[in-house]
Amino acid sequence: MNKPQHPGSTSNFIRQVIEADLASGKHVKIRTRFPPEPNGYLHLGHSKSILLNYGLAKEYGGLCNLRFDDTNPEKEEQEYVDSIVDSVKWLVGEQAAAPLYASDYFDFMYQCAEHLVESGNAYVDSQSAEEMKHNRGSFTQAGVDSPFRSRSTAENLDLLKRMRAGEFPDGAHVLRAKIDMASPNINLRDPALYRIKKEKHHRTGDKWCLYPMYTYAHPIEDAVEKITHSLCTLEFEDQRPFYDWLLNKLADGGLLERPLPQQIEFARLQLTHVLLSKRLLIKLVEEGHVDGWDDPRMPTLAGARRRGYTPEGFRRFAERVGVAKENSWIDYSVLEDCMREHLNEIAPRRMAVLDPLKVVVENYPTDQTEELLIPNHPQKPDMGKRPVPFSRELWIERDDYQDSPPKGYFRLFPGNKVRLRYAYVVECVSYDKAADTVRCRYLPETRSGTPGSDSVKVKGNIHWVSVKHAHQAEVRLLDRLFKTEKPEGQDDLNPGSLKKIRAQLESGLREAGTEAVQFERHGYFIADRDGFNRTVTLRDSWQKT
RNA sequence: UGGGGCGUCGCCAAGCUGGUCUAAGGCACCGGAUUUUGAUUCCGGCAUUCCUAGGUUCGAAUCCUAGCGCCCCAGCCA
């Protein structure tokens, strides 16, 4: 039998599991989830997980939950919840349903804990953290049982209830699963389930002084939400035996229904030239190396959005990168290329002179202005045309003129002809050093769109902006934040990651919307806070050589 | 070191119930064509080889054995 084909995508081991489960009737509909802890901003690395979970759900006609894993009140804040919801909505659009919260299941989780105690599968340990650590053993040495491991069910239950009632200080006791202190898998050596934490929770307030550990809470969250496939990163692989142990104990006790969710691990996204460590990112913000968490250079999704990166670009990136279990590093240029690819399709073209040099067309009437109709996209006539004024004095790019050009240079230099894009062919007469102006003469019969426009063949084609009509604005030339392949801190910052310039833009850009535009021959830009951010440059095979 | 993973082209990644694999696809790269963006698009090229060494087999990237390399685990973090 042939395997189902995925148009535009390739098979991967997760799809195979899903298809098998669907085929066998284990599930009629799949349900995935994206479970961030609200303790920071979402970054580029999260995009893979988000798009994987929502993508699979969509592909197989299932659902994906956005669920906050808010089990550690010490680190979590509402501000993060808001920003995460925002970023997820931006990335997946209408597929993003209202968020769910692990904290909404605290009652049930506690009920499960009592059941575990009653069924002899959990106990209250009163060792100190240090003692616990010591008695856990090592990779090569089995752990030893806690002296409290054999407490009676009644005593355990009493202690647990009093823990919940707030009778003990932080750290006095902890609830542990009773599994095997000699397991070769350290995660099975009686992992902690609950710790006392007299901390106010951003959603449940002071209701609890006892909070579940991730290890314990996560499987239950998945089961409660009837998640079918619980996708997580490789480092949780060793945790899977406990995940299954817990769920089966609870299902056996009638607290959970089968089929139970299945945890599947995949390799997290590792990108070169970026730094995703929360600690170091915070430093960059606090020390003012960047403007904030949503600085367009930041590797956060909020930053990427202001940078002009698109959800569709991220989707293509996720597809291109694939899903597997091999730890791999993706070169940052792959991400840039995906953005470029998408932007090329959707961005209307505009002319913008970033580093202006004045050109005077000496034989063009002083007071004349022509409105030229210029296509918004050379390959997409349906995107229409726009009027752009042409006059005697123009701005061109400074490096489109050279006194003594290098070999192969085919733009402006004395005696050479070049086409002013969508306007006329001009011939360079000379460069007036005192006035810092290039003197040209135009060939009237070469006006674009007219019958004789092709009478003169030229190789060069440069963009321009009419001086008296130009819209002057700030343009931020953004480059990578880090110059090194695997940055470790501020020493690796790219000093040229942000250049602010005053550019001369075609007049229509005065009323720019929020959608991406291409500045011809430069790259893709997006209007942001009173100026334009460069999202990514165009490819350039000339500069390379 | 005990346990859990992973090793297929420069970067990803299919394939892994053995033959249709002298190994898919994408990206990068190299040609060449078109082009009023040195962009885009298009066409062509790009692993006799699958970490290494043995073995099983008529036949192995796919099975077995032994090595080697890399990642993860000893939070009352997630």
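Chain letters run A, B, ... following the sequence lines, proteins first and then strands; every chain starts at 1. Values reported hereafter were calculated over all heavy atoms of this structure, with side chains retained and with hydrogens, waters and symmetry mates removed.
- Annotation: G15(B) and A24(B) have their P atoms spaced 14 Å apart (nearest Å).
- Rounded to a whole Å, the NZ atom of K325(A) is 18 Å from the C1' atom of C12(B).
- With ring centers used as reference points, Y123(A) lies 6.0 Å or more from F148(A).
- For R240(A), no side-chain nitrogen or oxygen approaches OP1 or OP2 of G3(B) to under 4.0 Å.
- Residue S11(A) places at least one side-chain N or O under 4.0 Å from the OP1 or OP2 atom of G15(B).
- Rounded to a whole Å, the CZ atom of R316(A) is 14 Å from the C1' atom of C27(B).
- With RNA chain B read from its 5' end, the first of the two nearest nucleotides for D454(A) and M132(A) is the one closest to D454(A).
- A cation-pi arrangement is absent between R340(A) and Y524(A) under the rule of less than 6.0 angstrom and at most 45 degrees off the ring axis.
- Nearest to the side chain of I186(A), among C73(B), U40(B), C77(B), sits C73(B).
- A23(B) and U8(B) have their C1' atoms separated by 8 Å, with the value rounded to a whole Å.
- Side chain of T140(A), nearest nucleotide from G2(B), A13(B), G4(B): G2(B).
- Distances were taken from every side-chain heavy atom of F236(A) (C-beta onward) to each of A78(B), C27(B), G38(B); the shortest belongs to A78(B).
- The base of A78(B) does not come close enough to the side chain of E76(A) for any donor and acceptor atom to sit less than 3.5 Å apart.
- Dashed line: the shortest gap from a side-chain N or O of R411(A) to OP1 or OP2 of U37(B) is not under 4.0 Å.
- If you check every strand for non-hydrogen atoms under 4.0 Å, G143(A) touches nothing.
- The NE2-C1' distance, from H463(A) to U35(B), rounds to 17 Å in whole Å.
- Contact check, R521(A) against G38(B): a side-chain N or O comes under 4.0 Å of OP1 or OP2.
- Checked against the 6.0 Å centroid threshold, Y409(A) and Y401(A) do not count as a close aromatic pair.
- Rounded to whole angstrom, the span from the CG atom of N461(A) across to the C1' atom of U34(B) amounts to 15 Å.
- Between the CG atom of L188(A) and the C1' atom of G2(B) there is a distance of 14 Å, rounded to whole Å.
- Contact annotation: R279(A) does not reach the phosphate of C77(B) (side-chain N/O to OP1 or OP2, under 4.0 Å).
- Aromatic ring centroids of F532(A) and F525(A) lie 6.0 Å or more apart.
- Going from the C1' atom of U57(B) to that of C73(B) covers 40 Å, rounded to whole Å.
- In this structure, E326(A) places its CD atom 14 Å from P of C72(B), rounding to the nearest Å.
- Checked against the 6.0 Å centroid criterion, the rings of F168(A) and H173(A) qualify as a close aromatic pair.
- Close to G75(B), at under 4.0 Å from its OP1 or OP2, lies a side-chain N or O of R136(A).
- Listed nucleotides G38(B), G3(B), C76(B) differ in distance to W542(A); the shortest reach to its side chain belongs to G38(B).
- With the nearest nucleotide of RNA chain B identified for both N185(A) and G322(A), N185(A) has the one nearer the 5' end.
- The P atoms of G45(B) and C50(B) are separated by 24 Å, rounded to the nearest whole Å.
- C30(B) sits 22 Å from U35(B) when the P atoms are compared, rounded to a whole Å.
- On a pure distance criterion of 3.5 Å, a polar donor-acceptor pair joins the side chain of R419(A) and the base of U36(B).
- For the pair Q263(A) and G4(B), the criterion of a side-chain N or O lying under 4.0 Å from OP1 or OP2 is not met.
- Contact annotation: K197(A) side-chain N/O to C76(B) OP1/OP2 distance is not under 4.0 Å.
- The CZ-P distance, from R195(A) to C77(B), rounds to 5 Å in whole Å.
- Here the side chains of C428(A) and F413(A) are not in contact, with every heavy-atom distance at 4.5 Å or above.
- Look at S333(A) and you won't find any side-chain N or O under 4.0 angstrom from OP1 or OP2 of C27(B).
- K380(A) has no carboxylate O lying under 4.0 Å from a charged side-chain N of E345(A), or vice versa, which leaves the two without a salt bridge.
- An aromatic stacking contact between Y214(A) and the base of C77(B) is absent, as defined here by ring centres under 5.5 Å apart and ring planes under 30° from parallel.
- Both tests do not hold together for R67(A) against Y101(A): distance to the six-membered ring centre under 6.0 Å, angle to the ring axis within 45°.
- The R349(A) side chain lies nearest to U37(B) when the options are U36(B), U37(B), A78(B).
- For the OP1/OP2 pair of C72(B) and a distance below 4.0 Å, the side-chain nitrogens and oxygens of R268(A) include no atom meeting the criterion.
- Comparing U41(B) with G7(B), their C1' atoms sit 38 Å apart, to the nearest whole Å.
- Considering only side-chain atoms of N187(A), the nucleotide from U36(B), C12(B), C73(B) that sits closest is C73(B).
- Residue side chain Q141(A) does not reach the base of U1(B) through any donor-acceptor N/O pair under 3.5 Å, judged by distance alone.
- Among the protein residues, G40(A) comes within range of no part of the nucleic acid, since none of its heavy atoms lies under 4.0 Å from any strand.
- Atom name P, nucleotides C46(B) and G25(B): the rounded distance is 11 Å, in whole Å.
- In this entry the distance linking CG of D238(A) with P of C72(B) reads 12 Å, nearest Å.
- Using C1' as the reference atom, A74(B) and G4(B) are 14 Å apart when rounded to the nearest Å.
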